[in-house]
Trainee: 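First the structure, which I've put down as structure tokens, then a few questions once you've had a look.
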There are 4 protein chains.
Amino acid sequence: MRATPPGTRLRPALVAPAMAPAKDVHAMTPARGRLRLRSVGVSGIRKPLIVQRPDRANSLTVDFHVAVDLPSVRKGSDLSRNAEILAEVVDRTVTSPAGSLEAACTVIARELLARHPYATEASVDAAAEYFLRRGVSEDKRSLENYTLLASARATRGPGEAVEVRRTVGAEAIGMTACPCAMETCREKLRAEYPLLSDPQFRDFPMITHNQRNRTRLVFELDETTEVEADAIIDVIEAAQSSPTYAILKRGDEGQVVLDAHRRPKFVEDVVRDLLASLPERFPNVPDPVAVVASTVSEESIHKFNVEASHRVTFGELRRSKSA
Amino acid sequence: MRATPPGTRLRPALVAPAMAPAKDVHAMTPARGRLRLRSVGVSGIRKPLIVQRPDRANSLTVDFHVAVDLPSVRKGSDLSRNAEILAEVVDRTVTSPAGSLEAACTVIARELLARHPYATEASVDAAAEYFLRRGVSEDKRSLENYTLLASARATRGPGEAVEVRRTVGAEAIGMTACPCAMETCREKLRAEYPLLSDPQFRDFPMITHNQRNRTRLVFELDETTEVEADAIIDVIEAAQSSPTYAILKRGDEGQVVLDAHRRPKFVEDVVRDLLASLPERFPNVPDPVAVVASTVSEESIHKFNVEASHRVTFGELRRSKSA
Amino acid sequence: MRATPPGTRLRPALVAPAMAPAKDVHAMTPARGRLRLRSVGVSGIRKPLIVQRPDRANSLTVDFHVAVDLPSVRKGSDLSRNAEILAEVVDRTVTSPAGSLEAACTVIARELLARHPYATEASVDAAAEYFLRRGVSEDKRSLENYTLLASARATRGPGEAVEVRRTVGAEAIGMTACPCAMETCREKLRAEYPLLSDPQFRDFPMITHNQRNRTRLVFELDETTEVEADAIIDVIEAAQSSPTYAILKRGDEGQVVLDAHRRPKFVEDVVRDLLASLPERFPNVPDPVAVVASTVSEESIHKFNVEASHRVTFGELRRSKSA
Amino acid sequence: MRATPPGTRLRPALVAPAMAPAKDVHAMTPARGRLRLRSVGVSGIRKPLIVQRPDRANSLTVDFHVAVDLPSVRKGSDLSRNAEILAEVVDRTVTSPAGSLEAACTVIARELLARHPYATEASVDAAAEYFLRRGVSEDKRSLENYTLLASARATRGPGEAVEVRRTVGAEAIGMTACPCAMETCREKLRAEYPLLSDPQFRDFPMITHNQRNRTRLVFELDETTEVEADAIIDVIEAAQSSPTYAILKRGDEGQVVLDAHRRPKFVEDVVRDLLASLPERFPNVPDPVAVVASTVSEESIHKFNVEASHRVTFGELRRSKSA
């Protein structure tokens, strides 16, 4: 007769039935430091998301950060729910595209509160590369790359009420030409080329340093106001010295360079011109809505960058305009 | 006789004296969007800085972001002054090391206000890689890399008064082991290995997923309270499941693994334990000082990260402790 | 009396007709350093590309690097052609998806030679994020993110002949558990828990450090051999200690941890096991095809990474197997 | 009566003496895939290193990648030795600075072979940020940041002989101005400003796009030839349209812009001019030494970069020059 090996097969069912649920460690009370935590979640979770754009369905690759707060009596947040929600929302868009990236964020934020009953706040931040067909002329258009930015923050209020605050934004790479070095060069060159003092050259576009510029505009919205991402990209590009393009034949290159030098801009100008353009461009955005504009010029004459940023409400913008 | 060519030599002195100062474009009033801007400055400016540490002078390579606000009537900020200030402060440390990274930030912030007379606020943010000699034992110590973080924000008050708020912080890479998967594995393995139900195994360190963890702690200080960066790194490493080291011989590796599995931690635990340890470790830090703790575990069982963060004052920490 | 001021309206048509073509600076001979250049091109050019996968059309966001060589007598390469080719190929996939990322690279490489008649070599490198539905069970599948890698190198031969060499590869994030620390911990724990010496524990999965691992496999192919990217991802994941997933409920987490600890692997093991699995998995790949396997473990017990890599032909793999 | 529980105190000494050495898992033979591996090592290991420069000792923060090959019969490489070697070499420089980064690499590569007796090749790659005092004039100099690059590859030859091949290189950020767009703009502006056709304007610096440029030059050396990093940086900066500086007062900015526009360069020109300048600048470098030049212009008129690269020997450079 075979001796029973000290083994797996005999005793397990007695001492540790395979079906016994493992301890719910997350639901335990924390041993030390019983503090409510403002934010517990996952970052760098990447998902493809189909979004309905004005003219077509668009497949975005989205980088998500989702988080909820955690009460002081609970050791851990049920993070697997976050991944499940993202997967469900993403799957749903295959058959029924999301209206926008911010709409998807809102759905996710609400669902986070629903599935983390202990949480009072849920936040979703999303960024995705985005393409628009642009070009110097109809026959030279190609898909230019931009960044879409969106977020939703859901807060549990009294009763079942959930309030959601959203942001919608975009970043566009363009070009700035420095207005200060242009004037310095004008002086220097006038000294060397006397004909430049002729009145015809008063507005002559002089050499200056120009460079790649990244500008971002983010609207801080309630749940009902809608702002179209493509329009945000339009106003950003209009505030830079010039947009930039993948396809530029020789003459187009010259034209872009010329355009940029006829609209030289400090980073300060980019932010101010961008903000100043908003009331006219977005007449339906209510006064309490705030916007954050920020810009970075990757200076060609320095090894470092130059930056400017500002946050202001539409109300303030409208009042400063009429003042 | 040779006709005078329309030339460089004849007229320049008349029409455009080489010495004529170029237009001060920055000081002009902006054409559009006359808004005060919250922040205009330079980023990614890198400088070596000699800092006096408790035991030695230490050469840091610092990444600086410096900025000031800009009044609505002025087109541009005099950014060359920012680079000059940085250069002077850095040069000075060659002969007279800075007391700390935050002390250097404070000097720079005050100088920014002095040289941008139109500004009311100046901010300096600095990050630098930093090395401390650490190891599992005296003979296995080597230089481990950390990140130092510091900032100073100077505000022009009434009269000549300038108020400075500073932050001092650090980030340390360590290790977390998951307490939840450990319990799940305990259940699973008990079913398979019945002897594990023996009481001797009650606290047996079971397998779980463990991973690289980055934790950051930042103190928000007034200008007088001092917090030592090395002490910040100490409390961070004490809050992770285990610190990590470059030099680990075979037995040491086992010991670090064992230590980490005897202190399994969620990101939530890292933040709470870290914050809970502060009142005892920093008894002289006054109640109004706030700290921000944040942690990221680069999960071994997921392709994404898990994060937690919280901000709290020392007063709140002390009250929650005695409660 | 001075005549009519030299004005914009009078002379332009005479001295500089607007239609006069600008100098073709690229076609000039270089002033210095008349060397043939190995590679001139564009990098970081990003495009959406629709690719037909086994089960569906898939929208990839691709990062391209495309370049050609340049003869010694020519100053510059006509880089706008590169952007045009990319735009055309990308546009074509909207109505007619590319068969694969490497097929798109091949089309682009051939077209580069066609439109840079002075070039003898053209190279295209492409990388794209890619998603596959994966999970521990049918009901827990979600889209996991991977990286696709492809390239094509076209060489102009005698006559009109163009030879194309291609690479196809992928990178997958998974998990490794260290076999060495596991044995050290086994010894340490046996000393403390004598029951562990019971034979039932001989293969007991002991604690060790485990971590995120990124492994890459690239096939160096001629123009006719096809290798399916999904199959490459399969063999990579099979060579890691365990694949990783976004959706893991508590029991699944335990199972992934257990699986990884039952297949502990050094980076050396990952590379060798991966390479050893290829002849059986890809029987139709001819002997001369080479593969490069490389892997990085983001060590949980260190602040640095551990890496291994190797390049070998299928012939060598087959011979070493039968030896 | 309860039997003695199987306990910690009774059996450990018998079955698992605490002193028993853990299995040497690395030295085992691999289970599958018995292949020699080309490279096994550690990456992202960061260390401060004191290097003697021409004028002063300089503290570098170095990022190291070190690796050796691994024979087919050995499961794992003893990676802890790599960290030990780095620590020792770094510690030694505190009292006795390394002669150069490449000298430190050579010491490490030789030591890797000594401590991995099973290895036949050892490689060390190092990169470090580096500062040089530069400026438009004596009173405006400040520390500009560059990157040092060095490597050493040691090969075990017959007997005890070890052969070492080294590389020494650097990367400098500067500026390029496009010569093609300049000519297009010249044409466009001549049409609009007829006076520009005056001969005095023949070489007038016209507007064009200019941008940040990163150029790298790496020498592939034997163990005896020395090349000074500062001289490498000098030749790189001389090959760009202009170097860039942190401190530029208004007039200096204009001068840098003017200099760059008087030396417009394609990336092709940067590589060729750089290579063409080497024979004269480094007369003692022997013919067989190869150099790799590569350059990236972060185009201001595009969202992507433009690149060129070439590899050539000093012998070829000298012959092409005299041809």
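Convention: sequence-line order gives letters A, B, ...; per-chain numbering from 1.
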Trainee: Look at D/G41, D/A308, D/G44 and state which one has the largest set of heavy-atom pairs under 4.5 Å with chain C.
Mentor: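 Counting heavy-atom pairs under 4.5 Å, the top option is D/G41.
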Trainee: Checking C/L79 against chain D: side chain, backbone, both or neither under 4.5 Å from a heavy atom?
Mentor: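 Contact with chain D: side chain only.
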Trainee: Could you check which of D/E299, D/H65, D/M28, D/K188 has the highest count of heavy-atom pairs closer than 4.5 Å to chain C?
Mentor: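 Winner by heavy-atom pair count: D/H65.
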Trainee: Under a 4.5 Å heavy-atom cutoff, which of D/G76, D/A276, D/S72, D/S43 has the most pairs with chain C?
Mentor: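 Max contact count across the listed options: D/S43.
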Trainee: Measure the shortest side-chain to side-chain distance between D/R46 and C/K303 over non-hydrogen atoms and say whether it is less than 4.5 angstrom.
Mentor: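 When only atoms from C-beta onward are counted, C/K303 and D/R46 do not touch, as no gap falls below 4.5 Å.
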Trainee: Check each atom of D/R311 against the heavy atoms of chain C and say whether the ones under 4.5 Å are side chain, backbone, both or neither.
Mentor: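 For D/R311, backbone and side chain are both near chain C.
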Trainee: Please give me the minimum heavy-atom distance between D/R38 and C/H310, naming the atom from each residue.
Mentor: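 For D/R38 and C/H310, the tightest heavy-atom pair comes out as N-ND1, 2.9 Å.
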Trainee: Looking at C/L70, C/V267, C/V296, which one has more heavy-atom pairs under 4.5 Å with chain D than the rest?
Mentor: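 Heavy-atom pairs under 4.5 Å are most numerous for C/L70.
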Trainee: Give, as side chain, backbone, both or neither, the part of C/V306 having an atom under 4.5 angstrom from any heavy atom of chain D.
Mentor: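 C/V306 touches chain D through backbone and side-chain heavy atoms alike.
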Trainee: Any idea which of D/S294, D/A293, D/S309 has the most non-hydrogen atom pairs under 4.5 angstrom with chain C?
Mentor: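 Ranked by heavy-atom pairs under 4.5 Å with chain C, first place is D/S309.
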Trainee: Mind jotting down which residue pairs meet the ring pair (Phe, Tyr, Trp, His ring centres under 6.0 Å) criterion with at least one end in residues 290-309 of chain C? Sequence neighbours excluded, please.
Mentor: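 Applying ring pair (Phe, Tyr, Trp, His ring centres under 6.0 Å) to every pair that reaches into residues 290-309 of chain C, excluding sequence neighbours, yields C/H302-C/F304.
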Trainee: In terms of heavy-atom proximity below 4.5 Å to chain D, should C/S277 be classed as side chain, backbone, both, or neither?
Mentor: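 For C/S277, heavy atoms of backbone and side chain both lie under 4.5 Å from chain D.
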Trainee: Is there a side-chain contact between C/V271 and D/V40, using heavy atoms and a 4.5 Å cut-off?
Mentor: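 In short, these two side chains do not touch, never coming nearer than 4.5 Å.
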Trainee: When you check the side-chain N and O atoms of D/E268 and C/H26, is any donor under 3.5 Å from an acceptor?
Mentor: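 Result is no, nothing qualifies.
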Trainee: If every non-hydrogen atom of D/V25 is compared with every non-hydrogen atom of C/P179, which pair is closest and at what distance?
Mentor: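 Taking D/V25 first and C/P179 second, the nearest heavy atoms are CG2-O, 3.9 Å.
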Trainee: Please state whether the side chain, the backbone, both or neither of D/P30 comes within less than 4.5 Å of a heavy atom of chain C.
Mentor: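 For D/P30, the contact with chain C is made by the side chain alone.
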Trainee: C/N305: what forms a side-chain hydrogen bond (donor to acceptor under 3.5 Å, both in side chains) with it, not counting sequence neighbours?
Mentor: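 Residues passing side-chain hydrogen bond (donor to acceptor under 3.5 Å, both in side chains) with C/N305: B/R212.
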Trainee: Of the non-hydrogen atoms in D/R74 and C/R272, which two are nearest, and what is the gap between them?
Mentor: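 Scanning both residues, the minimum pair turns out to be O-NH1, 2.8 Å.
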Trainee: Could you grab the distance from atom CG of D/L275 to atom CG of C/L37, nearest 0.5 Å is fine?
Mentor: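 Between D/L275 CG and C/L37 CG, I get 8.0 Å after rounding to 0.5 Å.
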Trainee: Measure C/S77 against the heavy atoms of chain D and call it side chain, backbone, both or neither at under 4.5 Å.
Mentor: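 When you check distances to chain D, atoms from both the backbone and side chain of C/S77 fall under 4.5 Å.
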Trainee: Which is it for C/D269 and D/K75 under the side-chain contact (heavy atoms from CB on, under 4.5 Å) test, yes or no, and what are the steps along the way?
Mentor: CA-CA 7 Å; C/D269 297 317; D/K75 183 176 169 73; 2.9 Å; yes
